[in-house]
Amino acid sequence: CFHGHGVRRTDLPRLPLMMPCPGFCSRIPNVFVQFRSKYNSNPFCPVTSHRRETSSVDRKRLFRTVLAVAVTLCIGAHCTAAPVEVVFWHPFDSGTPRDAIEELIEVFNASRDDIRVVGQVVPDLIEKVRVAVIGGSPPDVATNLYPWREGAIGMLTDLTPFAERDGLSLEEEFFPAGIPEAYYGGVLYGLPWFHVVHPVLFYRIDAYERAGLDGNSPPATWEELRALSTRLTQRSAEGVVTQLNFDWGKGAAENAFPMYYRVAGGEYVDPTGTRVIVNNDLARRVLNFLVEVREEIQSDLAVAVGTFYTGGRVHMLNGNWMAPNIQSGYPHLVPGVDWAMAPFPVPEGSPQQTVMSSRYMTIPKGAPNADAAWEFIKWLTGPEASRLYSLRRNLLPAHRDAVGDPAFADAFLFWDVQQAMLSHGIPEWGTVPIPDVANFLSVMELAYTKGLTRTVSPESALEEAARLMQAFLDEHLAD
């Protein structure tokens with residue numbers, strides 16, 4: 001056979017009707033040569049419509065013709081197979097978030113001939129990914145999932161083999177805050193994408209200067225922030241608080257303890273992830289401190305007027321995303337003149353730490369194109385895409401090499417402060433992530449609220465919290 005199959009002419013009728021021809025470029029999967037015998041009315045070769053028995057000379061001529069057509073097709077197609085389609089689920093349905101992710105998809109697709117990413121907006125994404133995985137039809141990539149939580153219940157693909165194959169080290173590539181929660185049980189389930197910071201401290205420079213304080217020296221510790229009340233809290237002749245130093249999270253509200261505990265470096269479970277450790281000296285110190293400041297400002301809160309934006313609050317606790325919102329929503333307040341941003345203070349004697357909430361790129365379990373999906377998420381969380389996305393959305397990049405661009409100083413308010421926070425960021429839920437952390441902390445909240453309101457002593461409240469949380473964790477681990 002001039003096609004190189006090594007078969008006799010008399011064997012042709014028993015071959016499949018369509019077979020790939022080795023004479024053609026093997027990377028063009030849709031090019032075939034029909035093998036038909038002289039007993040079949042169809043042409044022996046679709047390229048030449050050759051029907052008759054051929055001599056050796058004719059066969060050589062025919063081979064050269066077929067080869068020439070194959071080379072032409074090969075050149076025109078760049079010898080490239082049809083690209084693998086990667087389905088990417090995300091929740092960004094409008095505005096800048098959607099525009100930014102669509103732009104990145106276009107950049108990636110333009111850079112690859114072998115992979116084509118298709119973005120799909122999916123509301124209620126977490127629940128729908130779970131349903132899709134269970135139903136056997138997951139997307140290839142999904143964001144807004146928490147690797148430690150979804151990984152713990154078998155919803156995500158283990159990325160460890162991909163990272164090891166490509167020599168990807170999270171410790172070398174990414175800032176520290178996003179690393180612990182990318183894993184569960186030592187298994188890598190996600191790559192860090194970007195961070196948001198909560199809490200940070202916003203403060204009114206103008207109020208500092210009116211009180212004779214240095215507007216460039218915000219408090220670094222809780223104790224310093226607390227002491228500023230004597231200089232910054234002001235009352236009218238009628239007893240109305242016209243300027244409040246700080247409300248400590250609306251009077252150290254019931255949901256304040258986890259935030260302060262994590263800023264202080266507190267952990268919920270031991271390194272094995274099996275034993276609750278919230279009943280410790282640090283937790284007792286934090287809860288006692290919150291009890292004290294709550295009692296100090298309750299009466300002031302009841303008669304305080306105004307907000308941070310009107311000058312009624314000197315300090316405000318919020319996320320770093322509020323900086324551009326303040327600038328756009330209150331243009332009469334000039335950044336660096338009327339107000340500024342600083343890392344949230346820590347307890348005296350503690351190292352500076354900033355709690356960060358991280359977002360990740362994941363590959364759901366059973367993704368049909370996991371290899372191509374890995375190439376996409378590796379690129380999307382890499383330095384160039386991370387830089388582009390962070391600048392577009394004013395979010396802190398997770399990749400270390402993304403922040404060297406001078407454009408960040410122009411795009412981000414107080415970039416020096418935000419860049420420093422990246423270096424000492426810690427994960428929101430702890431060094432050892434806890435599955436179903438929301439319910440885990442709600443169990444704790446029932447107990448420590450009793451201590452915060454002095455229904456029981458802070459010590460007794462933390463003992464109860466540890467007991468309830470351990471029972472919850474044991475049940476989860478048993479499942």
Side-chain angles (χ1 to χ4, degrees), residues 197-201 219-229 244-271 273 275-302 315-319 343-357 426-434 436-473:
V197 183
H198 190 277
V200 297
L201 187 70
T221 68
W222 295 352
E223 291 77 12
E224 291 175 4
L225 179 57
R226 185 180 184 182
L228 285 174
S229 292
L244 184 67
N245 174 39
F246 185 50
D247 67 10
W248 295 97
K250 296 183 179 178
E254 287 74 9
N255 62 355
F257 177 80
M259 177 177 58
Y260 284 90
Y261 183 56
R262 282 297 295 141
V263 167
E267 297 284 353
Y268 297 115
V269 296
D270 70 353
R275 186 171 67 87
V276 173
I277 56 173
V278 296
N279 186 21
N280 57 54
D281 290 342
L282 179 61
R284 286 187 284 273
R285 178 185 175 187
V286 171
L287 188 53
N288 276 300
F289 180 86
L290 291 176
V291 169
E292 292 172 7
V293 297
R294 177 186 175 91
E295 293 174 348
E296 282 178 10
I297 69 168
Q298 284 302 302
S299 58
D300 287 344
L301 277 174
H315 297 95
M316 177 177 71
L317 180 154
N318 216 308
F344 191 72
V346 297
E348 190 173 282
S350 298
Q352 181 62 60
Q353 299 180 115
T354 299
V355 175
M356 294 188 173
S357 177
I426 59 174
E428 183 176 12
W429 304 120
T431 303
V432 181
I434 308 158
D436 200 9
V437 68
N439 287 327
F440 182 77
L441 294 183
S442 68
V443 169
M444 181 176 69
E445 185 178 315
L446 297 173
Y448 70 68
T449 299
K450 297 178 182 178
L452 195 61
T453 57
R454 290 196 184 275
T455 303
V456 299
S457 70
E459 292 73 18
S460 297
L462 289 171
E463 288 177 5
E464 182 179 352
R467 179 176 54 80
L468 293 173
M469 294 166 76
Q470 187 67 57
F472 180 90
L473 184 61

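All values derive from a computational prediction rather than experimental measurement.
- Interatomic distance, CG of Asp247 versus NE2 of His315, reported as 11.5 Å (0.5 Å rounding).
- Using a 4.5 Å heavy-atom cutoff, the side chains of Pro345 and Glu224 are not in contact.
- With a 4.5 Å cut-off on side-chain heavy atoms, Met444 and Pro258 count as touching.
- Checked by atom type and distance alone, the side chain of Tyr261 pairs as donor or acceptor with a backbone atom of Glu267 at under 3.5 Å.
- Side-chain atoms of Trp222 never come within 3.5 Å of backbone atoms of Glu348 as a donor-acceptor pair (strictly under, hydrogens ignored).
- Here the shortest heavy-atom pairing between Leu225 and Asn245 reads O-ND2, 2.9 Å.
- Between Ala264 and Val286, the shortest heavy-atom distance links the atoms CB-CG2, 4.1 Å.
- With values rounded to the nearest 0.5 angstrom, Asn280 atom CG is found 12.0 Å from Arg285 atom CZ.
- Leu473 and Ile434 make their closest contact through CD1-CG2, 4.5 Å (heavy atoms, listed as atom of the first residue, atom of the second, distance).
- Rounded to the nearest 0.5 angstrom, Glu459 CD and Leu462 CG are separated by 7.5 Å.
- Proximity of Leu201 to Pro219: side-chain heavy atoms (C-beta onward) are separated by under 4.5 Å at one or more points.
- Of all the heavy atoms in Asn288 and Pro458, the pair that sits closest is OD1-CG, 3.4 Å.
- No side-chain donor-acceptor contact under 3.5 Å links Asn279 to the backbone of Ala465.
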Would you check, one step at a time, whether the test side chain to side chain contact (heavy atoms under 4.5 Å, CB included) holds for His198 with Phe344?
CA-CA 9 Å; His198 190 277; Phe344 191 72; over 6 Å; no

Going through the checks in order, is the side chain to side chain contact (heavy atoms under 4.5 Å, CB included) test met by Val432 and Asp270?
CA-CA 7 Å; Val432 181; Asp270 70 353; over 6 Å; no

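- Distance check: Glu292 CD to Leu287 CG gives 10.0 Å after rounding to the nearest 0.5 Å.
- Between Tyr448 and Phe257, the ring-plane angle classifies as tilted under the 30° and 60° cut-offs.
- Within the model, atoms CE of Met316 and CG of Leu244 stand 13.5 Å from one another, a figure rounded to the nearest 0.5 Å.
- Counting only heavy atoms from C-beta outward, the side chains of Glu445 and Leu441 never approach each other to under 4.5 Å.
- Judged purely by atom type and a 3.5 angstrom limit, Gln353 has no side-chain atom pairing as donor or acceptor with the backbone of Val346.
- Of all the heavy atoms in Arg262 and Trp429, the pair that sits closest is NE-C, 4.1 Å.
- Taking every heavy atom of both residues into account, Leu452 and Leu290 meet most closely at CD1-CB, 3.8 Å.
- From Arg226, atom CZ reaches atom CG of Leu228 across 12.5 Å, with rounding to the nearest 0.5 Å.
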